[in-house]
A.B. asks: 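So that we are looking at the same thing, I have put the structure below in structure tokens.
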There are 2 protein chains.
Amino acid sequence: MAAREPFLGLLRDLARAYQAFENYSGVHIRQMGLTSPQFDVLVTLGNTPGMTMNVLAKKTLVTKGTLTGIVDRLEQKGLVRREVPPENRRCFKIVLTEAGEKLFEDIFPVHIAYLKERFQKLDPSEIAQIQTALQRLHSVF
Amino acid sequence: MAAREPFLGLLRDLARAYQAFENYSGVHIRQMGLTSPQFDVLVTLGNTPGMTMNVLAKKTLVTKGTLTGIVDRLEQKGLVRREVPPENRRCFKIVLTEAGEKLFEDIFPVHIAYLKERFQKLDPSEIAQIQTALQRLHSVF
DNA sequence: TATTGTTATACTCTATAACTATA
DNA sequence: TATAGTTATAGAGTATAACAATA
């Protein structure tokens with residue numbers, strides 16, 4: 001019977017663990033005036049020379065149409081800009097502005113510290129173990 | 001330095017594993033004419049005598065305001081109904097309609113089979129291991 | 001007064017597909 | 001023709017807070 005499939009418990013645990021994290025993390029991110037996808041984009045661009053929409057979409061796992069909107073809103077906030085390289089004018093680079101870099105440098109460590117409050121309950125071997133499990137899970141998709 | 005925090009890799013893996021699952025699962029759910037939150041509510045109500053908004057919100061981890069909208073849409077589709085018990089008229093029960101139960105019985109096993117295609121790559125001991133890891137992760141929040 | 005649930009507001013994200021411009 | 005990205009459409013979920021009704 002379906003209800004006895006052993007992976008159903010796993011799915012529930014995956015959803016709960018992710019939602020618990022997303023909830024904890026998201027509260028903090030919204031306090032900083034960003035949404036989770038916006039924060040994800042900001043962090044992905046941090047400490048890089050910028051990247052195309054294509055690459056950014058793949059890294060953040062959102063579709064290109066959705067990413068356009070997210071980048072639009074970050075641009076309105078003055079945190080990123082679109083740079084058109086002369087050699088290929090159909091793919092441009094998304095780059096953090098100075099304000100974007102400053103925000104990244106300001107809030108990223110703070111957010112890490114905020115998360116660390118919880119994660120320090122795990123010792124390094126536990127972290128490694130959980131990480132291995134997640135990678136194994138990811139690998140089936 | 002922040003970037004060397006060991007739990008950052010874990011977070012990335014958690015997000016990627018969840019998103020990979022959500023993507024795989026979500027495609028199928030949308031093909032059935034539902035959204036993920038709607039499916040979650042439907043499955044939570046399946047094989048139960050129904051429950052209050054309060055309980056349902058806690059089980060599905062959405063806020064009560066959001067749940068009202070989700071239940072509204074399921075009600076419009078004729079899949080659930082709100083039952084007002086005479087003894088306490090401020091908290092009512094959300095119950096699957098006949099159509100809702102039928103849909104649940106029809107699509108739940110199909111969805112399970114769809115997921116099983118991927119999960120059968122994991123043997124039971126691996127599933128148990130991953131589940132333990134996820135529960136440990138959940139426990140820190 | 002406290003609790004349950006709805007409503008109002010305003011926005012963000014999402015999927016999907018058609019479209020434009022460049023290559 | 002293929003690729004990169006935008007735009008259009010339409011809907012769903014979200015946070016937040018004020019609100020109504022019941023207890």
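Atoms considered below: every heavy atom in the structure, side chains included; atoms not considered: hydrogens, waters and symmetry mates. We name chains A, B, ... by the order of the sequence lines, and we start the count at 1 in each one.
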A.B. asks: Please encode protein proximity along nucleotides 14-23 of chain D as a string of B, S and -, counting only heavy-atom distances under 4.0 Å.
C.D. replies: BS------BS
A.B. asks: Sequence neighbours left out, what passes side-chain contact (heavy atoms from CB on, under 4.5 Å) with A:R118? Give chain and number order.
C.D. replies: A:Y24, A:K121, B:V140, B:F141
A.B. asks: Could you tell me how far apart B:Q38 (CD) and C:dT14 (P) are, to the nearest whole angstrom?
C.D. replies: 17 Å
A.B. asks: Tell me every residue that passes salt bridge (charged side-chain N to carboxylate O under 4.0 Å, His left out) with B:R136, counting only those two or more places apart in sequence or in another chain.
C.D. replies: A:E126
A.B. asks: Quickly work out the A:N54 CG to C:dT22 P distance and round it to whole Å.
C.D. replies: 18 Å
A.B. asks: Go through D:dT6, C:dG5, D:dG5 for me and flag the one nearest to the A:R82 side chain.
C.D. replies: D:dT6
A.B. asks: I need the NZ-P distance between A:K93 and D:dA4, as an integer number of Å.
C.D. replies: 16 Å
A.B. asks: Listed by chain and number, what are the ring pair (Phe, Tyr, Trp, His ring centres under 6.0 Å) partners of B:H138, not counting sequence neighbours?
C.D. replies: none
A.B. asks: Taking salt bridge (charged side-chain N to carboxylate O under 4.0 Å, His left out) as the test, write out the residues that go with B:K116, two or more places apart.
C.D. replies: A:E5
A.B. asks: Can you pull the salt bridge (charged side-chain N to carboxylate O under 4.0 Å, His left out) pairs that have at least one residue in residues 90-104 of chain A, sequence neighbours excluded?
C.D. replies: A:K102-A:D106
A.B. asks: By nearest heavy atom, map A:V55 and B:K77 onto DNA chain D; which one lands nearer the 5' end?
C.D. replies: A:V55
A.B. asks: Only one of A:T44, A:L45, A:V43 forms a side chain to side chain contact (heavy atoms under 4.5 Å, CB included) with A:V41, so which one is it?
C.D. replies: A:L45
A.B. asks: What is the separation between atom CD1 on A:I29 and atom P on C:dT12, rounded to the nearest whole Å?
C.D. replies: 15 Å
A.B. asks: Grab the CG-C1' distance between B:L67 and C:dT7 for me, whole Å please.
C.D. replies: 14 Å
